[in-house]
Amino acid sequence: MAGRAPLLTIDDFSAGIIRDASIPAKNAFQTLRELSIVDSPGLLQMEGLPTAETEAAAADDIQTLIRWFESYDGNGGTLRLMGLGSAGRMFVRSAAGTWTRRNTDANAGQGQGMCRFGTRVFWGSDTNIGQVNGNPEAGGSYTNSYLTVTLGAAFASGTTQVYRPMKEFLGNLFVGDGRYLFKLESDYTTFDNDAFILPINHTVSSLEVWNDRLAIGTYYGTGNINDAFGARVFLWDGVSPRADVIEDADTEGVAALINLNEQLYMAGGRSGSFYLFNGTEWALVRAIPGANAANLIRPSMVARKDDNIFIGYDSRGIFRWGRPDTTIPYSLTTAYRPSANQTNFNIGAITNFQNQIYFSWQDTDAATFGVDAVSTTSYRTGGVLESQIYEIEDKGNTRLIQAIEVIPRTFTTNHTITVDYKLDNAAAYTNLGTLSSTNINQPLYGIFSRGKTIQFRLTLLTALATSTPTISKILVY
């Protein structure tokens, strides 16, 4: 806008989303939904497109929420992605991308945990450890009651969220079991029901290997993960009768632990809080905006891909904790929603399979289920940026606001941006207009009003799935 300096310049999107848009935060936003600030450093673009995977015919299709994923090559064969669902149903993805039920464990269970160990895959039910040995799609041997053991806690038919998190550590498979850790040795037959015993009223919810220790995430009580306030993480060397370090976090239960570049992160259960262990204590690094008591994070709803952590949250979607390069701090964005764009949904599990993100979902209104694969070559058709509330007053006086300008790096005839704004905390947005290839190179006029604060919203759209607009700068005049 010739002859006038902008009132506001945004040329960096790296701080991601924040919980309170009224508190000034550099390079931060109220909403970044299905937009990436990581894939092209310094630029804003569409996220990858979640696409529903195909399923087998009725009876063998996905009829339950998949709660855990695991990749398995059937002891030297083709790598397959497996999914363990409620009611002990095991689904396997074929090389062609079709999900088929291949086994049903009649033991009481709700898909509590699954892990590859050696040349086999193991899963837990209320009273047994099951296994598959060999090609899980055809010819492999499924044994539902491979080990009938005395487990410390039952799932209670889904009403109580007791999990069986599993992790390989020191050549053994460890399984969370109430306040106990069950251990299976590499011969697949020698086991110990109580290889490690936690204090009374602690329940294991997540396991992760970190700095040559097994990190054991717990919650207080024996019921649901969010029944009581209190999250404790034990660091254990795998041998000693006591934990090396005990650290508490200020949240309701440890929903998930994940190691990213030798940094140990923890997701809180219902609060949507995200913590980093700094070696002394848990530091809150970000919280999911809009988190509420109706939704939660589950132990299987986190996955690592490259320098990113993906976190699922019911009815909100998949969040990405990432950064474009190592010189920039990590930030949070809302990356994906299920492919059918449901309003009310649960996320079951997330995984990185062959460098591609997969996640399972349940439409809680239609009672349908599925798995989405996030494309690495196609983009969402739409994404939304909602700014924080910017103060632009001059010594308490209003200022004249005229236009908003968006500076693109790439923008074609397939792309449009709808621009809306609010002045002085108005109840609703006012539409300013739409940017297209014919007017993208000039400011969008039409505000011509005075105000002390401004908040704006950009809705990016593409008519071609393989093409995304990229934005480098936003100016307000």
Side-chain angles (χ1 to χ4, degrees), residues 50-72 80-94 97-115 121-132 136-137 140 142-145 154-166 224-225 255-256 294-303 312-315 317-318 337-340 342-351 353 358-373:
T51 303
E53 295 271 275
T54 58
E55 302 176 28
D60 288 327
D61 60 339
I62 301 175
Q63 296 182 354
T64 185
L65 180 63
I66 291 177
R67 296 180 180 273
W68 296 87
F69 287 117
E70 185 59 88
S71 57
Y72 180 48
R80 296 281 189 264
L81 184 60
M82 303 175 64
L84 177 65
S86 300
R89 296 174 181 176
M90 186 72 74
F91 303 91
V92 180
R93 182 183 188 271
S94 70
T98 298
W99 288 86
T100 304
R101 182 174 60 164
R102 296 296 180 181
N103 183 66
T104 299
D105 186 346
N107 296 304
Q110 299 293 323
Q112 290 101 308
M114 180 167 64
C115 182
V121 167
F122 294 86
W123 70 89
S125 63
D126 278 2
T127 56
N128 294 270
I129 299 294
Q131 70 142 24
V132 58
E137 193 172 6
Y142 285 88
T143 309
N144 296 330
S145 300
F155 204 96
S157 300
T159 59
T160 302
Q161 298 154 359
V162 177
Y163 298 98
R164 303 266 181 263
M166 301 184 179
N224 294 313
I225 195 169
N295 303 312
L296 73 157
I297 302 170
R298 298 179 187 86
S300 54
M301 289 164 56
V302 296
Y313 195 75
D314 289 341
S315 291
I318 310 294
R337 292 171 61 87
S339 53
Q342 302 96 325
T343 300
N344 300 308
F345 58 87
N346 291 332
I347 300 296
I350 311 172
T351 191
F353 177 63
Y358 291 76
F359 62 92
S360 60
W361 51 264
Q362 173 188 8
D363 184 329
T364 55
D365 292 327
T368 55
F369 308 89
V371 173
D372 282 359

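- Remark: side-chain polar atoms of D105 are paired, donor with acceptor, to backbone N or O of N107 under 3.5 angstrom.
- Here OG1 of T368 is found 4.0 Å from CG of D363. Values are rounded to the nearest 0.5 Å.
- Scanning all heavy atoms of the two residues, the minimum distance from P50 to D372 falls at CB-OD2, 3.8 Å.
- Residues P299 and W68 approach most closely at CB-CH2, 4.0 Å, considering heavy atoms.
- Looking at Y72, its side chain never comes within 3.5 Å of a backbone N or O of C115 through a donor-acceptor pair.
- No donor-acceptor pair closer than 3.5 Å links the side chain of S86 to the backbone N or O of T64.
- Within the model, atoms CZ of R93 and CG of L81 stand 7.0 Å from one another, a figure rounded to the nearest 0.5 Å.
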Q.
side-chain contact (heavy atoms from CB on, under 4.5 Å), that's the test. Do R80 and V121 meet it? Break it down for me.
A. CA-CA 12 Å; R80 296 281 189 264; V121 167; over 6 Å; no
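- With a 4.5 Å cut-off on side-chain heavy atoms, P136 and R102 do not count as touching.
- Side-chain atoms of T98 do not come within 3.5 Å of backbone N or O of T54 as any donor-acceptor pair.
- Summarising the geometry, atom CD1 belonging to I66 is positioned 11.0 Å from atom CZ belonging to R89; distances are rounded to the nearest 0.5 Å.
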(Q) As a quick check of understanding, evaluate side chain to side chain donor-acceptor pair (under 3.5 Å) for N344 and Q342, giving each step before the final call. (A) CA-CA 6 Å; N344 300 308; Q342 302 96 325; over 6 Å; no
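- To the nearest 0.5 Å, atoms CH2 (W361) and CZ (F345) are separated by 10.5 Å.
- With hydrogens and angles ignored, the 3.5 Å screen pairs a side-chain donor or acceptor of R298 with a backbone N or O of I347.
- A distance of 9.5 Å separates OG of S339 from CD of E53, quoted to the nearest 0.5 Å.
- For S300 (side chain) and G348 (main-chain N/O), a donor-acceptor pair under 3.5 Å exists by modelled atom type.
- Here the straight-line distance linking atom CZ of F91 with atom CZ of F369 works out to 9.0 Å at 0.5 Å rounding.
- Paired with W123 under the rule side chain to side chain contact (heavy atoms under 4.5 Å, CB included), one option of R164, M82, M90 passes, and it is M90.
- F69 pairs in a side chain to side chain contact (heavy atoms under 4.5 Å, CB included) with only one of the listed residues (L84, V371, I350), which is V371.
- Nearest approach of I62 to E55, heavy atoms of both residues: N-OE1, 2.9 Å.
- Checking N103, N128, T104 one by one against N144, the side-chain hydrogen bond (donor to acceptor under 3.5 Å, both in side chains) holds for a single residue, N103.
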